Amino acid sequence: MAVTEKDLQELFEKMPSKVQKNRRKHILIKNGEIENPEIEANTRTIPGIITNRGCAYAGCKGVVLGPIKDMVHITHGPIGCAYYTWGTRRNKAKREDHIKNFVNYSFSTDMQESDIVFGGEKKLTAMIDEVVEILQPKAITISATCPVGLIGDDINAVAREAQKRHGIQVLAFSCEGYKGVSQSAGHHIANNSFVEHVIGKGEQEEAPAKFSINLLGEYNIGGDGWEVERILKDIGYHVVSVMTGDGSWEQMRNAHVAELNLVQCHRSINYIAEKIETKYGTPWLKVNFVGIESTIKSLRDMALYFDDAELTARTEAVIAREVARVQPIIDQYAKLCQNKTAFCFVGGSRGHHFQGLFRELGIETILAGYEFAHRDDYEGRDVIPSIKPDADSKNIPDLHVEADPKRFRLKMSPEKLAELKQRIPLSDYPGMNVDMREGHIIVDDLNHFETEEFIKLLKPDIFSSGIKDKYVVQKMGIPAKQLHSYDYSGPYAGFNGAVNFARDVSMGFASPTWNFITPPWKNSPALSGEMNEGGDK
Ligand code: CFM
């Protein structure tokens, strides 16, 4: 069943007129006549609307910094911000020889009322000293939470002093939750600092092995990064650093020696990819290791970039071996999935990345969107010059970098690079819109009201989103598959990940549970109200 403009109109009419006006710009029906329609994105959620978005602190400390295992990440603020970001994102990390792993810990200055009144700098200083004494990390980050910005603690001065006192790197991030309209602002703040203070600060001048790459925007949720690394290493690549899943500050410092940057989640890390290219001449390639077809395409694109006969042969051999191994298993699961439909609504890139994997199982994504993506994640990178900055986006300084006089090195001739750009997605991604099919819905910052309304209209067989909305969906009798945390499962990337995903999704369909659910609103009356736009209440 498709949604018509009339259905949309009826949905909007249930909203106050001001809200309608806003939300209309964030919802599209894909219409064959316009291949790449314009959408509004990365703007403020209307207060009072139940959004799935997080805050700038979540994007900085939670997403980009948090997975780096050999740094201690201090949250400067009241205890809640640290507590609720403690282990809730499933960025797994292993201890390695000579690389410590602090990922299981949570560090907070636990600010109290007196710290808010008299300032928290002394407490932060004491905390850094304690961390150094007990754990001796090689580097520390400090992330500011909302009250820190409001009271004006100078975390940069505290970091500078601590750096002098202890002789280790201490980085301060002004990523107060309110710094942007979503976690996306926090990604940008973290990216800027890493480009300025970490990447390229290591001693290495040359890549330690042939076919050296960095893997950017891979956070090792449920072990995704480990599966991708398994495949890459098997083919013969040398992984210099992963940003930032199971990542290491030590390795990131030498990221400048890689021959190519792979970008999985462009939303959270495209800033780093661009700046490394300007500073060190390293091109970046958009990859997607979610789904068999996308994984194969990414591996072949990489082989084209390196243009080495042996590497290309090995790429094909690994692809053939892996497909022969996993496809028969996936085919069995796919029998349970044929002709099903899905909603795929995730943060900033997975709403697009998982559609191919669904399709391989026989599941069509009929509604998709992102929580906090920008227009280019929907419409492709070409649209970037036409995105008008607003007060919120201007809040984050755009870092200016130049070619490093000693370390900038072209990886191939400009002619060859230009020729390759015609064949593989170097410095480019197309966005979600072009992959959506006729009549399908694209929604930016989907809210809970719209979730329920679209479910009633489209009756999807599976809903993939996150923890904030899955339970109400399950109570409606629809299986929900979290695509942020993977519901304690995973990996879902690469060849093994596709098998896990096929198993988990078909398990959702095969479960008889859904028929036994009587949601609370079926038995007890639900609250209802009326809109009175003329009134003042
Ligand atoms: Fe990138 Fe992510 Fe995502 Fe993201 Fe996230 Fe995440 Fe995500 Mo949750 S970095 S934009 S801020 S792929 S935590 S690993 S799943 S919303 S779609």
Side-chain angles (χ1 to χ4, degrees), residues 41-42 51-68 84-93 103 175 177 180-191 194 215-228 242-247 262-273 286-291 294 343-355 357 365 368-374 376-378 429 431-432 443-446 464-470 480-493 497 501:
N42 193 32
T51 171
N52 287 338
R53 283 174 162 181
C55 65
Y57 160 79
C60 180
K61 187 268 172 185
V63 173
V64 182
L65 309 183
I68 302 169
Y84 289 106
T85 51
W86 182 13
T88 47
R89 186 161 175 267
R90 295 184 58 239
N91 43 258
K92 292 167 169 256
V103 159
C175 58
V181 301
S182 70
Q183 50 269 64
S184 177
H187 303 150
H188 200 164
I189 291 167
N191 278 216
F194 281 158
L215 180 53
L216 272 58
E218 171 47 67
Y219 300 94
N220 204 29
I221 307 299
D224 274 356
W226 291 333
E227 165 65 0
V228 174
V242 181
M243 295 181 207
T244 57
D246 195 18
L262 308 179
V263 175
Q264 170 70 28
C265 170
H266 44 282
R267 179 64 273 135
S268 59
I269 214 149
N270 66 74
Y271 320 96
I272 287 184
K286 173 70 190 107
V287 290
N288 177 19
F289 290 109
V290 177
S294 303
F343 281 12
C344 188
F345 180 77
V346 207
S349 61
R350 292 184 176 181
H352 185 197
H353 284 155
F354 272 80
Q355 290 187 26
L357 183 50
T365 302
Y370 305 119
E371 285 174 25
F372 51 78
H374 300 199
D376 44 303
D377 303 303
Y378 294 98
Y429 44 82
M432 173 198 284
V443 190
D444 178 64
D445 190 17
L446 179 73
S464 50
S465 177
I467 192 84
K468 297 171 196 136
D469 43 6
K470 75 170 277 171
K481 177 77 243 164
Q482 287 193 70
L483 286 187
H484 298 254
S485 72
Y486 301 164
D487 294 301
Y488 324 105
S489 184
Y492 285 161
F501 187 74

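Small disclaimer: the values here were computed from a predicted structure and weren't measured. Whatever order the structure lists ligands and atoms in, that order sets their numbers, starting from 1.
- Under the 3.5 Å distance criterion, the side-chain polar atoms of N220 are matched with a main-chain donor or acceptor of G225.
- Interatomic distance, CD of E218 versus CH2 of W226, reported as 11.0 Å (0.5 Å rounding).
- In this structure S465 satisfies the side chain to side chain donor-acceptor pair (under 3.5 Å) test together with D469, sequence neighbours excluded.
- Of all atoms in ligand 1, listed by their number and element, those nearer than 4.0 Å to a heavy atom of G348 are 3 (Fe), 10 (S), 17 (S).
- Interface of I221 with ligand 1, defined as ligand atoms under 4.0 Å from a residue heavy atom, comprises 14 (S).
- Residue contacts with ligand 1 for H187 involve side-chain atoms from C-beta outward but no N, CA, C or O (heavy atoms, distance under 4.0 Å).
- Between the D377 side chain and the A373 main chain, no donor and acceptor come within less than 3.5 Å of each other.
- Look at D445 and R53 and you find a salt bridge, because one of the NZ, NE, NH1 or NH2 atoms lies within 4.0 Å of a carboxylate O, short of that distance.
- At a 4.0 Å cut-off, at least one heavy atom of S349 sits close enough to ligand 1 to count as contact.
- Y370 OH to N52 CG: the interatomic distance, rounded to the nearest 0.5 Å, is 15.5 Å.
- If you look at H353 next to ligand 1, there are no close heavy atoms at all, none under 4.0 Å.
- A donor-acceptor pair under 3.5 Å is formed between the side chain of R90 and the backbone N or O of S485.
- Of all protein heavy atoms, the one lying nearest to atom 9 (S) of ligand 1 is Y219 CE1, 3.4 Å.
- Nearest-residue assignment for atom 7 (Fe) of ligand 1 (options R53, Q264, H484; heavy-atom criterion): H484.
- In terms of protein heavy-atom proximity, atom 1 (Fe) of ligand 1 is closest to C265 SG, 2.2 Å.
- Of all the atoms in ligand 1, the ones that sit under 4.0 Å from a non-hydrogen atom of V63 are 9 (S), 11 (S).
- Near V346, meaning under 4.0 Å from any of its heavy atoms, are these atoms of ligand 1: 17 (S).
- Atom 13 (S) of ligand 1 has R89 NE, 3.0 Å as its closest protein atom, hydrogens excluded (heavy atom only).
- Applying the side chain to side chain donor-acceptor pair (under 3.5 Å) test to K481 and every residue at least two apart in sequence or in another chain returns D487, Y492.
- Looking only at protein heavy atoms, the nearest one to atom 4 (Fe) of ligand 1 is F372 CZ, 3.9 Å.
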